[in-house]
Structures are given as structure tokens and as C-alpha cells.
Amino acid sequence: YQRRVRDSISGKSPMDRSSGIILPLLLPLSFCALFFFRIHEFQAKKDLVIVSCLSLAAYFLTFKLIPRVKELSLKAGLFGLDINKKNGEKIPEALGIVPATCFLFCNILCYPIWAHKLGDGPELAEYFAATTSILLMLFLGFADDVLDLRWSVKILSSFLATIPLLVVYSGPTVIISPKPVRSILPTQVELGILYHLYMALTAVFCTNSINIYAGINGLETGQSIVIAVFILIHNYLQMETLQPSDLISVFIILPFLFSSLPLLYFNWYPSQVFVGDSFTYFSGMTFAVVGVLGHFSKTLMLFFIPQLINFVISLPQLLKIIPCPRHRLPRYNKQKDVLECEKTHYNLINFALWVMGPMNERTLCICLLVFQVFCCSMGLFIRHWVSTWFY
């Protein structure tokens, strides 16, 4: 009875709710099937099935827990006002803690797989260090949701959260120089400690770029899911020769995708929950981790083109060259129920409104996610086809 009351209030029938739970599963399950037939090694197939089952459990557990944690957040006073709506109702905040927790439990339960596959080698230590870095970043995000940390503290903490991964990293620290400059530089350039600095900067950028490209219902979760999907596509195209680094990336991103889809269901317009910095930092560090462990950190940046554009547009305010308000959101027109460009707020969201004109929040989010898909597609094309001309 209570469920029917909640569904009537939210405007969703039980049929709509059921389809909203089941239909999103087609996306991650399709990737599970593709990788199952792509992998030829029996043990790897078995591991994939185990990870897929654990991820499926994380999916349904996240769906079950979000409504419960939502009520607890409201009781604890952890909420924000949805200022892009006429009623400006209270929305529970920091619900990104739920999928992140389910994801981490899924990763921990996968320990026997990695212990068997990687043995006692340095790769197993890297896996645990990666989990530690994600956990530290999740803690930072939740602390920011509760304590409202200063930007300087968040940037410094982002660097500190990468230390476990950087300390145990045992992968290559060389880059391959492009063909046009090989008459000047050697084919392989050893960067040493500079490569570790590059990895740290990559992790800091991934976490904070998603955090500042936010503010409308569904955008933070939506962009993260799009990036996760293209990482899996990249892994699929790379899997001609099966390498442990390929499987690490797949086995980390699959649980992330499964656990993030329920959050999108509740965060989509009109949002029932806010994801908070808990999710943006968690998702950013997860992407950085798979980029480092999967040895495709440069390719990862091609999937962050919209975030790079937003960062460049935001620089004058981030560097305090011009005044930077706390919330750089578009202007909400209550009479027309549309968002309008706020010219004093420098970010990609307002730039999109300046180019395309005022629009509904849901339509704006869809446009920005379509742009994310387009940019990721271009990044994939550059990585797998254009790059062959230079490398």
C-alpha cells in the first residue's frame, strides 16, 4: 500500500516503475554477453559470470536501499533545495553513497578472482590500492556533502587519495612518441617520476571535472554512465589479446555501471534525490583507476572532452579572475518553467543555453548527454583509427 501511495505521488504507475527497474538492465547485461563471447579462456569466462552476478545483485540492492537512505537523509537534515523547480522542495542529498557502497562491496567480494588470477604479484597490490583510493575519495565526497569543504582542501585531498595507487604502481612509465617527431625523439620516452605526477593530475582532474560539470537533474549520473559505456566499448575493441589489465578495467567498470543505473532512475528529472559530491568524486576516481590500471589514461581523456571544455570555460571563475558564486547555475524562469543562460556564470551548461536558447531542465540534460555521447564517439574514433596515422 505504501509503495502504491509513493508511486501515485511521484506520478509513476507500478508498471512504469517495473519497466524503469528492468529495462536499464539491458545495457550492462548486453556488455556482459558481448565480453562472454569475446573471451576465449574458460577461467576468464567463469570470472566474468561471477562478476556479472555480483554486479546484478548490487543493481537490485542499490534500487532497494536508495528509498530507505533517502528517508534517513531527510530525517538527518541532509538535503538541498531544488531551485530549478517552482516549488523548490527539499531533496535528500549525498545519495551517491549508496551505489558507491554497493560497488565497493562487489569489488571486495571479487577478491578470490584477483587472488587466483594475479597471484601474489604487484598487480594484486595495485588492485587493492585502487580500491583504497576509491574509498578515500568516497569519504572525501561525503565529508564535502556534510561539512562543505573549501576548494583548496578538496584539491589537496584529491591528491592525497591517489597516493595508495601511485605508491604501488608497477606498470610502464614510458610514452610512445608520434611518428612525425621520431627524428628528434626516441620511439619510447621514459618519464619516470613525471609519469606518476601525470597519473596524479589525471585522477584529480577526473574527480573534480565531474564535480563542477553539474547542477541539473540527471547530469552527473548521466555523464558518468556514458563515460563508463565508452570505456567498456574501448576495452572490447582492445581485447584481441587477453591481458590482465583489460580484465581489471572490465571487472571494475561493470559493477560501477550496474550500481549507477538505479541512481540515475531516482536522480532523473524530476529528481527524487541528489547524488552529492559523494558520487561525483567516487565516479571520477573510479575512471582514473581503470585508466591507470588498464594503461589507457590518455584514451580516457578523450572521453572527458565535454568536461575539458567545461573546465576551460570555467577557468576565469575558478582562478578568481572574476567573481565566482557558490552555485553557477542557469537562471530559472518560473513563469515559463525553463532555464535561461546566466551570462555571469561561466560553464558549459550556460554556454549551451546561450547557443540553443532557454529550455526545460530535462531537455537541457538530454542535449548535454547527447553531446557527451558525440564527444566520446569522436574520442573512440580518434583512438582506434586516427591515432594509427601517428603511432
Side-chain angles (χ1 to χ4, degrees), residues 2-3 5-12 14 16-21 23-25 58-105 137-148 210-211 213-226 228 256-284 286 327 329 332 339 349 360-362 364-366 368-369:
Q2 290 177 343
R3 179 178 292 177
V5 171
R6 288 198 302 268
D7 290 338
S8 64
I9 293 174
S10 62
K12 294 180 180 178
D16 292 335
R17 191 174 186 275
S18 298
S19 61
I21 295 174
L23 287 179
L25 275 175
Y59 177 87
F60 286 110
L61 183 61
T62 305
F63 251 116
K64 188 73 173 177
L65 289 177
I66 286 180
R68 298 175 183 271
V69 178
K70 169 186 172 183
E71 299 301 324
L72 293 175
S73 297
L74 287 173
K75 289 180 181 178
L78 191 58
F79 60 81
L81 299 179
D82 198 342
I83 59 179
N84 290 333
K85 305 290 188 302
K86 290 182 178 180
N87 51 11
E89 62 179 313
K90 295 178 181 179
I91 305 294
E93 204 162 9
L95 267 292
I97 194 76
V98 178
T101 302
C102 294
F103 165 86
L104 286 168
F105 272 113
M137 194 54 73
L138 173 62
F139 173 76
L140 169 64
F142 189 72
D144 189 29
D145 286 329
V146 176
L147 304 176
D148 192 17
I210 295 177
N211 188 43
Y213 186 36
I216 61 176
N217 293 171
L219 182 58
E220 300 98 316
T221 321
Q223 64 182 293
S224 299
I225 288 174
V226 171
F256 174 84
L257 184 58
F258 271 98
S259 58
S260 296
L261 284 168
L263 184 62
L264 180 62
Y265 173 85
F266 288 99
N267 183 236
W268 190 250
Y269 180 92
S271 178
Q272 301 176 50
V273 301
F274 288 153
V275 302
D277 293 341
S278 304
F279 181 79
T280 57
Y281 286 140
F282 150 68
S283 61
T286 303
H327 297 293
L329 298 175
Y332 177 59
L339 298 178
I349 297 175
N360 174 267
E361 185 177 359
R362 178 178 179 273
L364 175 60
C365 183
I366 292 174
L368 292 173
L369 293 181

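- Here the side chain of Thr280 pairs a donor or acceptor atom with the backbone of Asp277 at under 3.5 angstrom.
- Nearest heavy-atom pair, Thr62 versus Cys102, reported as atom, atom and distance to 0.1 Å: OG1-SG, 3.4 Å.
- Gly96 approaches Phe279 most closely through the heavy-atom pair CA-CB, 3.7 Å.
- Partners of Tyr332 under the side-chain hydrogen bond (donor to acceptor under 3.5 Å, both in side chains) rule, at least two apart in sequence or in another chain, are Asp337.
- Residues satisfying the side-chain hydrogen bond (donor to acceptor under 3.5 Å, both in side chains) test with Glu220, not counting sequence neighbours, are none.
- Residues meeting the side-chain hydrogen bond (donor to acceptor under 3.5 Å, both in side chains) test with Ser271, sequence neighbours left out: Asn267.
- Minimum heavy-atom separation, Lys90 to Leu74: O-CD2, 4.5 Å.
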Donor-acceptor pairs under 3.5 angstrom involving side-chain atoms of residues 256-264: please list them, not counting sequence neighbours.
| unit_1 | atom_1 | unit_2 | atom_2 | d |
| --- | --- | --- | --- | --- |
| Ser259 | OG | Pro255 | O | 2.8 |
| Ser259 | OG | Phe256 | O | 3.2 |
| Ser260 | OG | Phe256 | O | 2.8 |

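- Qualifying salt bridge (charged side-chain N to carboxylate O under 4.0 Å, His left out) partners for Lys85, counting only residues two or more places apart in sequence or in other chains: Asp82, Glu361.
- For the pair Glu93 and Gly80, the tightest heavy-atom approach, listed with the atom from each and the gap, is OE1-N, 3.8 Å.
- Annotation for Ile21 and Phe60: closest pair CG2-CE2, 4.2 Å, computed over non-hydrogen atoms.
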| Would Ile349 and Leu219 count as a side chain to side chain contact (heavy atoms under 4.5 Å, CB included) if you check the C-alpha gap in whole Å, the side-chain angles of each, and the deciding distance to 0.1 Å? | CA-CA 10 Å; Ile349 297 175; Leu219 182 58; 3.7 Å; yes

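- For the residue pair Gly218 and Trp268, the shortest heavy atom distance occurs at CA-CE3, 4.0 Å.
- Shown here are the side chain to side chain contact (heavy atoms under 4.5 Å, CB included) partners of Ala94, two or more places apart in sequence or in another chain: Leu78, Phe142, Asp145, Ser278.
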